[in-house]
Amino acid sequence: MQPGQRREAAILGSGAFLPEGVLGNAELEALVDTSDAWILERTGISERRRAGAGETASVMGWQAARRALRAAGEPQVDAIVVATCSPDSLLPSTACLIQRRLGLPGIPAFDISAACSGYVYAVAAARALIRAGSATTVLVVATEAMTSLVDYGDRSTCVLFGDGAGASVVGAVPEGGIAAVRWGADGSEADLIYYGPKAGDPASGNGLRMHGKGTFRIAVERMTEIAELVCADAGWSAAEVDLLVPHQANLRIIEAAAKRAGIPMQRVMVDIDRLGNTSAASIPIALAEAEAAGRLRPGDRVICVAFGAGTTWGGMALQWNEPGAR
Ligand code: UT7
């Protein structure tokens with residue numbers, strides 16, 4: 001980039017980390033009153049990853065960050081933004097713990113709490129820093145140890161969530177990259193998904209709680225709307241989108257939103273069958289997997305959409321860049 005040149009932001013390197021532990025539907029059958037057939041039919045999930053001892057959000061996020069930095073050609077990083085709702089601890093931030101492991105003292109590092117929309121929020125913040133000229137390269141990490149929040153006595157939620165991390169190096173480019181971003185929230189819907197005891201049952205202990213049906217309906221509506229909005233902002237038709245990379249909440253949500261947005265499933269990235277819902281980490285993991293599988297080539301038009309607790313939502317339209325390109 002030359003001084004005074006127009007600055008856009010692009011993803012210049014992607015990485016993911018998945019813990020080796022696998023939690024299959026058969027193991028859940030032994031924990032709660034559920035069945036492989038119900039989980040598969042209602043969610044599309046066969047198995048999810050479960051972090052082992054010591055595999056905290058910061059450890060998984062650090063691994064994903066290392067891979068993304070390597071893919072981007074080891075650039076100098078100006079800021080670290082981490083999206084997580086399952087941090088190692090309330091303080092210090094998971095961003096600072098990842099910063100320590102990466103050996104990058106001195107630059108700003110902070111967490112964003114926007115649940116399943118966290119990655120899009122973090123990229124939106126990174127893009128704003130880059131376009132304002134406050135940073136040239138921002139390391140975005142989304143990392144979740146969701147199984148540590150799950151109540152394995154609550155069958156309506158425990159079958160959904162898994163662990164993992166994804167990272168993106170977001171850097172300044174003269175053109176291309178992230179063409180449009182939309183993000184929003186509605187705190188009046190805060191009770192739809194939360195961490196705490198079951199409503200009306202304070203003795204039930206803390207866990208991830210969700211009003212499944214209501215969340216499902218709103219998730220489909222918002223994800224469709226956001227996909228359409230970012231497409232329109234970027235000046236693309238649905239037919240011009242090469243890949244839709246949605247938050248992996250439920251296969252039925254993904255199918256319904258893609259259908260309404262007019263994007264056939266052959267052009268939708270799906271890994272929920274193997275990974276479940278990894279909250280903020282789901283989109284960057286899916287991006288890294290899509291790139292590794294040859295489903296993302298430079299110039300491809302990509303749409304990402306997310307919806308989660310808060311409620312929060314976000315989406316972006318981006319043109320895929322050559323890894324490490326400037
Ligand atoms: O990532 C953040 C955003 N999250 C989401 O968007 C998730 C949105 N919601 C969902 O994915 C779905 O609503 C769920 C997967 C959570 C539930 O699926 P559903 O088709 O909406 O089921 P439901 O909640 O309407 O429950 C239907 C029945 C109920 O039994 P009764 O009352 O009809 O006898 C549930 O108790 O299924 C029962 N059920 C289960 N049965 C077997 C709920 N969970 C299970 C289970 N195994 N694990």
Side-chain angles (χ1 to χ4, degrees), residues 23-48 83-86 113-121 142-147 149-164 166 184-186 189-195 198-199 201 204 207-227 245-258 260 270-273 275-286 304-315:
L23 183 60
N25 290 352
E27 283 155 281
L28 290 165
E29 283 177 348
L31 293 175
V32 282
D33 180 15
T34 190
S35 66
D36 176 47
W38 190 95
I39 301 171
L40 209 51
E41 188 197 317
R42 306 309 293 167
T43 72
I45 303 169
S46 292
E47 59 184 40
R48 64 291 289 141
T84 185
C85 62
S86 48
S113 174
C116 302
S117 311
Y119 173 74
V120 176
Y121 269 55
T143 180
E144 300 285 16
M146 295 305 286
T147 62
L149 304 184
V150 163
D151 172 356
Y152 282 98
D154 181 350
R155 70 175 182 173
S156 62
T157 54
C158 75
V159 301
L160 300 172
F161 294 96
D163 300 330
D186 185 353
E189 295 169 343
D191 295 339
L192 274 183
I193 315 169
Y194 64 94
Y195 179 76
K198 285 182 184 169
D201 184 6
S204 58
L208 258 182
R209 313 292 175 196
M210 182 161 61
H211 295 278
K213 275 245 178 307
T215 308
F216 191 105
R217 185 180 51 76
I218 300 174
V220 172
E221 281 170 12
R222 299 267 157 78
M223 283 166 72
T224 307
E225 190 186 336
I226 289 292
V245 183
H247 167 51
Q248 311 279 310
N250 182 318
L251 181 59
R252 290 186 297 137
I253 293 178
I254 295 171
E255 287 173 343
R260 289 189 192 192
V270 174
D271 58 20
I272 190 170
D273 49 325
L275 305 179
N277 179 346
T278 56
S279 192
S282 88
I283 291 177
I285 292 172
C304 300
V305 284
F307 176 79
T311 58
T312 56
W313 56 87

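On a predicted model such as this, the values are computed, not experimentally measured, just so you know. Whatever order the structure lists ligands and atoms in, that order sets their numbers, starting from 1.
- Close approach to C116 involves these atoms of ligand 1, each under 4.0 Å from a residue heavy atom: 1 (O), 2 (C).
- The CE atom of M223 sits 7.0 Å away from atom CD1 of I253, with the distance rounded to the nearest 0.5 Å.
- When distances from atom 25 (O) of ligand 1 to the protein are checked, a heavy atom turns up under 4.0 Å.
- Among C116, S282, S279, the one residue that satisfies the side chain to side chain contact (heavy atoms under 4.5 Å, CB included) test with E144 is S279.
- Here the side chains of L28 and L23 are in contact, with some heavy-atom distance below 4.5 Å.
- Below 3.5 Å of separation, one finds no N or O of S35 facing any N or O of ligand 1.
- Here the heavy atom of the protein found nearest to atom 23 (P) of ligand 1 is K213 NZ, 3.8 Å.
- With sequence neighbours excluded, the residues forming a side chain to side chain donor-acceptor pair (under 3.5 Å) with R209 are D151, D154, listed by chain and number.
- Heavy atoms of I253 found under 4.0 angstrom from ligand 1 belong exclusively to the side chain.
- Between the CZ atom of R48 and the CD atom of E27 there is a distance of 9.0 Å, given to the nearest 0.5 Å.
- Atom 38 (C) of ligand 1 is flagged as protein-proximal [any protein heavy atom, distance under 4.0 Å].
- Annotation: atom 44 (N) of ligand 1 to nearest protein heavy atom, W38 CH2, 3.3 Å.
- Residue contacts with ligand 1 for T34 involve both N, CA, C or O and side-chain atoms from C-beta outward (heavy atoms, distance under 4.0 Å).
- From the protein, the heavy atom lying nearest to atom 16 (C) of ligand 1 is S156 O, 3.7 Å.
- Below 30°, between 30° and 60°, or above 60°: for F307 and W313 the angle between ring planes is below 30°, a parallel geometry.
- For ligand 1, the atoms closer than 4.0 angstrom to any heavy atom of T43 are 15 (C).
- Distance alone, capped at 3.5 Å, places no donor-acceptor pair between the E41 side chain and the I39 backbone.
- Atom numbering of ligand 1 starts at 1 in the shown order; those under 4.0 Å from a heavy atom of R42 are 20 (O).
- The shell of residues lying under 4.0 angstrom from ligand 1, judged by heavy atoms, excludes I39.
- The shortest distance between side-chain heavy atoms of C158 and V32 falls below 4.5 Å.
- Side-chain contact between R42 and N250 is absent, with no heavy atoms from C-beta onward closer than 4.5 Å.
- With hydrogens and angles ignored, the 3.5 Å screen pairs a side-chain donor or acceptor of R155 with a backbone N or O of D33.
- Of the possible donor and acceptor atoms, one in the side chain of S117 sits under 3.5 Å from a partner among the backbone N and O of T312.
- Contact annotation for atom 47 (N) of ligand 1: protein present (non-hydrogen atoms, distance under 4.0 Å).
- For atom 3 (C) of ligand 1, the nearest non-hydrogen atom from the set V220, N250, T215 comes from T215.
- Ranking protein heavy atoms by distance to atom 4 (N) of ligand 1, first place goes to M210 SD, 3.5 Å.
- Closer than 4.0 Å to atom 32 (O) of ligand 1 lies none of the heavy atoms of the protein.
- Under the rule for a side chain to side chain donor-acceptor pair (under 3.5 Å), T278 has no partner lying at least two apart in sequence or in another chain.
- Between N25 and V159, the closest side-chain pair of non-hydrogen atoms is not below 4.5 Å.
- Annotation: atom 1 (O) of ligand 1 to nearest protein heavy atom, N277 ND2, 2.7 Å.
- Atom 9 (N) of ligand 1 has G212 O, 3.2 Å as its closest protein atom, hydrogens excluded (heavy atom only).
- Looking only at heavy atoms of the protein, atom 29 (C) of ligand 1 is closest to R155 NH2, 4.6 Å.
- Protein non-hydrogen atoms do reach within 4.0 Å of atom 42 (C) of ligand 1.
- There is a protein heavy atom less than 4.0 angstrom from atom 18 (O) of ligand 1.
- Applying the 4.0 Å criterion to heavy atoms of R252 picks out, from ligand 1, the atoms 18 (O), 19 (P), 20 (O).
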